Amino acid sequence: MDSVRDFPQTVDGRSGPAASGEWIDSRDPATGTVWARIPRSDAADVDAAVRAATAAQPAWWGQPALVRAAHLRSVAAAVDAHRDDLARIETRDNGRVLTETAGGDLPACVQMFHFFAGAADKIGGDTVQVGPASVNLTLREPHGVVGVVIPWNAPLSLMSAKVGAALAAGNTVVVKAAEQAACSVLHWATLLADAGLPPGVVNVVAGFGEEAGDALVRDRRVGRLTFTGSTDTARVIQARGADLIRPAHFELGGKSANLVFADADLDAAAVGVSTAAVFTGGAGQTCVAGSRILAHVDVVDELVERVRAVAADVVLGDPADSSTTMGPLVSAEQLERVRRYVDGAPAEGATRVFGGRCGGSAVFGVDSPWAGGYWVEPTLFRVTDQSAPICREEVFGPVAVVLPFTDDDEAVALANASTYGLAAGVWTTDLRRAHRMVRDLDAGSVWVNAYRRIHWALPFGGFGDSGFGKDSGWESVLENTRIKTAWIDLS
Ligand code: ADP
């Protein structure tokens, strides 16, 4: 049995426990046992962190952009040097398989800091020719302190996208990591002093959402808020901050549709709608999970059989093992939530095609080392309409529904019949259909003959209940600035 490891918070360049000295247990979701402790940061810690970020910001913004860029490249180098350790901590903490964290997220985090380093000296305003008697300029300046609230499903990569963009634009940050899986981001913050980052530029606290999170989003010194999490929490934050007039970015949930047309390459589509979309290494706990599979009536039966075959090859087990393709859910609460959807679906008119076992002992047997973990096997339901909660609400697990359509118009109508608008997938070999779908689907990202492709150079974010604003890409840098207009009279 490993000893329980403590991960400190980092405030003003110093790493240590919360001011209260209290800790929160962090469980290994594969086994359900406590493996680490994170600080129970509260309002006092957030106050110190925001104070430090506020004090550090003028000097951070006041230096040449290339110096900021050099700092961001040092952060990239530190992430690169510790990538294996960081990936293993994240996988242990949230259960997402190491092949995804080490193989995908960590290399991407390194590149993100390089991308934003490259952006730092390219931010600028315009000159506007109003007339001969004045010079008119726009200048882009930072918001000041950016509050960064992140969830547990991909902490390092979500943090890197938000923090990289904020720092490049001259802001300093206070990051609130999620109580379910904060360890990787807390550990990352301890590397920053050695990387030469000035104290206070990046502060990372943990703690509960209603304590540390609430204190951060209610702090008037925070000039911009960027949040990734659930739509329900975003509503709470908006309501709690009704008296605060400030820019915010919300990247929220989804109920994304993955459309398979009769002309699709069905082998590629079967993978694209299953292991690429919802039976993922993080067990479908991704905001872009393709949880609604819409298939043309002529191919739906064949597709279901191929998806069944792909799902049969999904390997659940030690998330750090390279042969494992799907990890557990993050917590007992998440397991109970998914179990409710799975157990309730038949009464709502859904027919189970495969899967449905929830809980470590149900999936592996009571004697397995994973019996106490939060496991759910890949699960597919067939439905005839989208009225059941499992078709409308975000399940956040390896659970999908499949529904037939008869023509393109119906496919678009079904896909868009959601309050969310985060992402969509399209499987077709017809170029015109592909472009029509990109045009007509009400989603912030549309993938054609691909799914869940996210890149630091591409803006990412949703519409409707999926939020507004963008992570990544040049847009995310611009959103981290505010525009000042100057009128210089020449008369
Ligand atoms: P999920 O459903 O993915 O767990 P949440 O929206 O609950 O997502 O959490 C995302 C982040 O928001 C976490 O860091 C969590 O601590 C934080 N959070 C939760 N509730 C609040 C709140 N009332 N105010 C601020 N932050 C919160």
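All values derive from a computational prediction rather than experimental measurement. All ligand and atom numbering here is 1-based and tracks the order in the structure. Any value given below was found using the heavy atoms of this structure, including those in side chains, with hydrogens, waters and symmetry copies removed.
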[X]/[Y] ion pair, N-O < 4.0 Å:
| X | Y | result |
| --- | --- | --- |
| Asp80 | Arg83 | yes |
| Arg40 | Asp45 | no |
| Lys162 | Glu479 | no |

[X]: numbered ligand 1 atoms lying under 4.0 Å from its heavy atoms:
| X | value |
| --- | --- |
| Gly213 | 24 (N), 25 (C), 26 (N) |
| Glu179 | 15 (C), 16 (O) |
| Val149 | 11 (C), 12 (O), 14 (O), 17 (C) |

Can you tell me the protein heavy atom closest to [atom] and the distance?
| atom | answer |
| --- | --- |
| atom 22 (C) of ligand 1 | Gly209 O, 3.4 Å |
| atom 7 (O) of ligand 1 | Thr233 OG1, 3.3 Å |
| atom 23 (N) of ligand 1 | Val236 CG1, 3.7 Å |
| atom 8 (O) of ligand 1 | Ser230 N, 3.6 Å |

Among the heavy atoms of Trp152, does any lie under 4.0 Å from an atom of ligand 1? yes

| said: For the backbone of Glu393 and the side chain of Lys255, can you confirm whether one donor and one acceptor N or O come within less than 3.5 Å of each other? | reply: yes

Do any non-hydrogen protein atoms sit less than 4.0 Å from atom 16 (O) of ligand 1?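 Flag for atom 16 (O) of ligand 1 set to true, protein heavy atom closer than 4.0 Å.
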
For this session: Quick one: sort the Trp60 and His71 rings into parallel, tilted or perpendicular, breaks at 30° and 60°.
Result: tilted

### Query
What orientation do Trp370 and Phe364 show, parallel under 30°, tilted 30 to 60°, or perpendicular over 60°?
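Geometry flag for Phe364 against Trp370: tilted rings.
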
Measure centre to centre between the rings of Trp152 and Phe396, then say whether the value is under 6.0 Å. yes

_Please evaluate residues Trp474 and Ser476 with respect to the criterion side-chain contact (heavy atoms from CB on, under 4.5 Å), reporting the C-alpha separation (whole Å), side-chain torsions for both, the decisive distance (0.1 Å), and the verdict._
CA-CA 5 Å; Trp474 184 236; Ser476 73; over 6 Å; no

* The one among Ile150, Leu158, Asp232 that brings a heavy atom closest to atom 11 (C) of ligand 1 ->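 Checking each option, the heavy atom nearest atom 11 (C) of ligand 1 is found in Ile150.
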
What do we get for Phe227 next to ligand 1 when only non-hydrogen atoms under 4.0 Å count, side chain, backbone, both or neither?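 Side chain only.
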
